[in-house]
Amino acid sequence: MRSIYLENENATSSLGQKIGKNLFEGAVLCLNGDLGAGKTALTKAIAIGLGIEEDITSPTFTIVNEYEDGRLKLNHFDVYRIGSSDEMYDIGFEEYIDSDGVCIIEWSQIIEDILPDERLDINIKYEGEARRLEFVARGQAYEELVEEVTRA
Ligand SMILES: Nc1ncnc2c1ncn2[C@@H]1O[C@H](COP(=O)(O)OP(=O)(O)OP(=O)(O)O)[C@@H](O)[C@H]1O
Ligand SMILES: [Mg+2]
């Protein structure tokens with residue numbers, strides 16, 4: 001596991017943009033952390049890194065928002081309100097996961113049983129106004145991604 005300390009929102013923003021620039025087709029990023037930890041803030045920065053100009057809004061009620069104006073399509077999920085993993089199949093989760101687009105899933109631990117084996121888990125922890133991001137790369141491509149974005 002690799003972790004990185006983010007002193008303020010600017011640090012979160014630049015790390016997110018770096019991740020966005022390095023993302024590859026079909027990447028799956030799973031974000032966990034308490035309410036207000038910064039999952040959506042990180043996603044916004046990743047979207048900027050992907051070249052998305054549209055405003056990213058939290059998909060808490062829609063479960064998924066799609067953005068097509070960047071280098072790769074972004075499917076942004078927030079599964080906080082999902083009752084069970086079965087509901088994810090109803091919205092076509094498998095098709096999203098198998099597509100060329102990037103999937104970012106807030107509160108992914110709720111649907112842990114249906115997450116793909118290869119993915120990047122990012123856990124965000126509060127350290128006062130600062131945050132600590134813990135990366136668990138599941139698969140070679142994600143290990144390289146973490147290596148790239150945590151390089152000083
Ligand atoms: N270092 C930091 N990194 C990210 N966000 C920070 C940081 N410091 C303060 N913040 C603030 O924390 C809040 C993060 O909110 P955000 O909506 O991104 O959280 P979230 O994890 O998506 O919450 P939810 O569980 O409700 O979806 C924002 O108000 C942001 O301004
Ligand atoms: Mg959020």
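Values in this document were obtained by computation on a predicted structure and should not be read as measured data. Whatever order the structure lists them in is the order used to number ligands and atoms, beginning at 1.
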| task | Grab the two heavy atoms, one from F24 and one from V102, that are nearest each other, plus how far apart they are. | result | O-CG2, 3.8 Å

| task | For residues A137 and V146, report the shortest heavy-atom separation together with the two atoms involved. | result | CB-CG2, 4.1 Å

Has ligand 1 got any nitrogen or oxygen that is less than 3.5 angstrom from a nitrogen or oxygen of [X]?
X: A37; value: yes
X: S58; value: no
X: L35; value: no
X: E7; value: no
X: G33; value: no

Expected output: side-chain [X] to main-chain [Y] donor-acceptor under 3.5 Å:
X: K39; Y: G33; answer: yes
X: N75; Y: N65; answer: no
X: R71; Y: L23; answer: yes

| query | Which atoms of ligand 1 sit under 4.0 Å from any heavy atom of E106? | reply | 22 (O), 27 (O)

| Those atoms of ligand 1 less than 4.0 Å from some heavy atom in T12 | 1 (N), 2 (C), 3 (N), 4 (C)

| field | Non-hydrogen atom of Y80 closer than 4.0 Å to ligand 1 | value | no

| field | Heavy-atom protein contact below 4.0 Å for atom 30 (C) of ligand 1 | value | yes

| atom 21 (O) of ligand 1: protein heavy atom closer than 4.0 Å? | yes

| query | Would you call E106 and K44 a salt bridge, using N to O less than 4.0 angstrom? | reply | no

| message | Can you check which of E129, E127, R132, R131 brings a heavy atom nearest to atom 11 (C) of ligand 1? | response | R131

| said: Heavy-atom distances under 4.0 Å decide this one: backbone, side chain, both or neither, for N8 against ligand 1? | reply: backbone

| Residue and atom, protein N/O/S, under 2.8 Å of the Mg ion (ligand 2) | T40 OG1, E106 OE1

| Which is it for Y80 and F61 under the ring-ring contact (aromatic ring centres under 6.0 Å, His included) test, yes or no, and what are the steps along the way? | CA-CA 9 Å; Y80 188 69; F61 295 97; 9.9 Å; no

